[in-house]
A.B. asks: 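If you scroll down you'll find the structure; I have some questions about it.
Quick note: residue numbers are just sequence positions, from 1. Numbering of ligands and ligand atoms starts at 1, following listing order.
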Amino acid sequence: MYMDNSATSPLDPEVLKEMEPFLKEKFGNASTFYSLGIEARKAIEIARENVAALIGANPQEIIFTSGGTESDNLAIKGAAYKWKNKGKHIITSVIEHPAVMETCKYLETQGFEVTYLPVYEEGLVRVSDVEKAMRDDTIIITIMHANNEIGTIQPIAEIGKIAREKGIYFHTDAVQTVGKIPIDVTELNVDLLSISAHKLNGPKGIGALYERKGIVLEPLIHGGGHERGIRPGTENVPSIVGLGKACSLASSHMEENMDYLTNLRDTLIDGVLEQIEESYLNGDRTSRLPNNAHFRFSGIEGESLVLHLDAKGIAASTGSACSSKKLEPSHVLMALGLEEVDAHGSLRLSLGKENKVEDIEYTITSIKEAVETLRKLSPLWCSAENL
Ligand code: PLP
């Protein structure tokens with residue numbers, strides 16, 4: 001029972017079917033002018049249209065990259081390097097994915113100054129904080145659309161509005177939202193938006209950056225003129241085709257998937273909170289991804305809980321796949337103001353359309369049993385009970 005879709009999601013069989021010919025007989029280089037190449041070029045442009053359609057963009061505004069990490073780097077470093085003579089100030093939040101956070105930290109070593117905005121108990125950035133942090137030398141604001149751990153959805157349209165008024169570039173890492181909730185780049189007032197295929201049942205190692213018409217970035221790599229020279233390199237045609245298909249499937253099933261997942265998520269959240277004492281939901285209850293349930297349980301270790309659930313056939317995680325190997329508590333949970341010991345007792349379940357209602361019932365029972373078992377062994381739980 002796979003419940004770690006925020007880490008990665010299974011490849012949709014329809015996506016695989018669409019990709020297959022481009023892994024086999026349709027192997028042409030899209031820059032060539034004979035039939036095989038023209039066919040590959042056409043497939044890339046259809047994929048570009050499908051990605052654009054999912055987010056309300058023009059196809060010319062889509063640049064294919066190797067994934068979310070590269071899109072984030074290209075947006076932030078590309079803007080910073082291009083506009084460094086205008087200013088060297090960047091605004092971001094304390095709960096960004098490492099692809100943004102580490103990029104900002106790297107830019108600090110290159111003479112840029114970064115303001116990291118807080119998110120408070122509910123895990124949300126406040127628009128008033130963004131406004132206060134804006135300066136004459138601010139060149140880019142980068143705030144994620146939805147957090148990959150706690151699933152909170154940020155007020156992107158409002159932040160984008162004030163950034164636009166001040167002529168500051170606005171980037172959002174939408175890796176966790178694209179394909180899960182409706183996105184319109186015009187309504188969101190964003191200039192740059194990162195996409196990753198493997199979070200929406202597409203292949204790994206492919207993504208895109210939406211770059212609004214008129215936005216100018218410095219390329220990070222140099223080579224041929226592919227992707228308007230912003231991201232050169234022979235195109236990964238099968239994966240681009242896969243991303244395009246994943247986007248078109250997400251567009252056609254958006255409403256039904258959202259309703260379905262929201263219902264599963266709410267059943268899971270209500271069940272856990274009602275049936276397990278001292279269990280809490282991390283992050284805002286309503287402004288959250290339809291597939292994200294992130295809990296904490298007093299007196300236990302999240303890692304042990306994940307192992308117990310694995311033994312019961314449930315794949316879940318403590319937080320993001322990128323940080324779950326580290327022993328430090330997640331920077332996202334610490335940003336909510338949690339004590340270290342509470343942050344360690346967290347569990348993320350990120351649902352997918354393959355999950356069934358019966359899976360949810362089984363999951364609630366399994367979590368309950370695992371939490372009870374672990375609490376019996378936990379000195380932390382004894383002390384909590386004795387308080
Ligand atoms: N940004 C967010 C919010 C993510 O969740 C992830 C993946 O975990 C990434 C960026 C990185 O994307 P990719 O794995 O395609 O490099």
A.B. asks: Using a 4.0 Å cut-off to any heavy atom of His198, which atoms of ligand 1 qualify?
C.D. replies: 13 (P), 14 (O), 15 (O)
A.B. asks: Can you tell me if Lys199 contacts ligand 1 (heavy atom of the residue under 4.0 Å from the ligand)?
C.D. replies: yes
A.B. asks: Is it true that the side chains of Thr8 and His198 contain a donor and an acceptor less than 3.5 Å apart?
C.D. replies: yes
A.B. asks: For a quick check under 3.5 Å, do Ser298 and Glu278 share a side-chain donor-acceptor pair by atom type?
C.D. replies: yes
A.B. asks: Any atoms of ligand 1 less than 4.0 Å from a non-hydrogen atom of Gly67? List them with their elements.
C.D. replies: 15 (O)
A.B. asks: With a 4.0 Å heavy-atom cut-off (strictly under), which part of Glu70 contacts ligand 1: side chain, backbone, both or neither?
C.D. replies: neither
A.B. asks: Do Ser66 and Ile206 have side-chain heavy atoms sitting under 4.5 Å apart?
C.D. replies: no
A.B. asks: Please work out, at 4.0 Å between heavy atoms, whether the side chain, the backbone, both, or neither of Asp72 comes within that distance of ligand 1.
C.D. replies: side chain
A.B. asks: Donor-acceptor check, side chain of His331 to backbone of Glu96, threshold 3.5 angstrom: yes or no?
C.D. replies: yes
A.B. asks: Of all the atoms in ligand 1, which lie at a distance below 4.0 Å from a heavy atom belonging to Thr69?
C.D. replies: 11 (C), 12 (O), 13 (P), 16 (O)
A.B. asks: Can you find an N or O of Ser6 that's nearer than 3.5 Å to an N or O of ligand 1?
C.D. replies: no
A.B. asks: Going by distance alone, is a donor N or O of one side chain under 3.5 Å from an acceptor N or O of the other, for Asp72 and Thr103?
C.D. replies: no
A.B. asks: Just distances here: any N/O of Val175 and N/O of ligand 1 closer than 3.5 Å?
C.D. replies: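 Between Val175 and ligand 1, no N or O pair is found under 3.5 Å apart.
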A.B. asks: Quick one: does Gln176 get an N or O within less than 3.5 Å of an N or O on ligand 1?
C.D. replies: yes
A.B. asks: Within the 4.5 Å heavy-atom criterion, are Val272 and Leu268 side-chain neighbours or not?
C.D. replies: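 In short, these two side chains touch, coming nearer than 4.5 Å.
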A.B. asks: Parallel, tilted or perpendicular for Tyr81 and Phe112, by the 30°/60° rule?
C.D. replies: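 Tilted.
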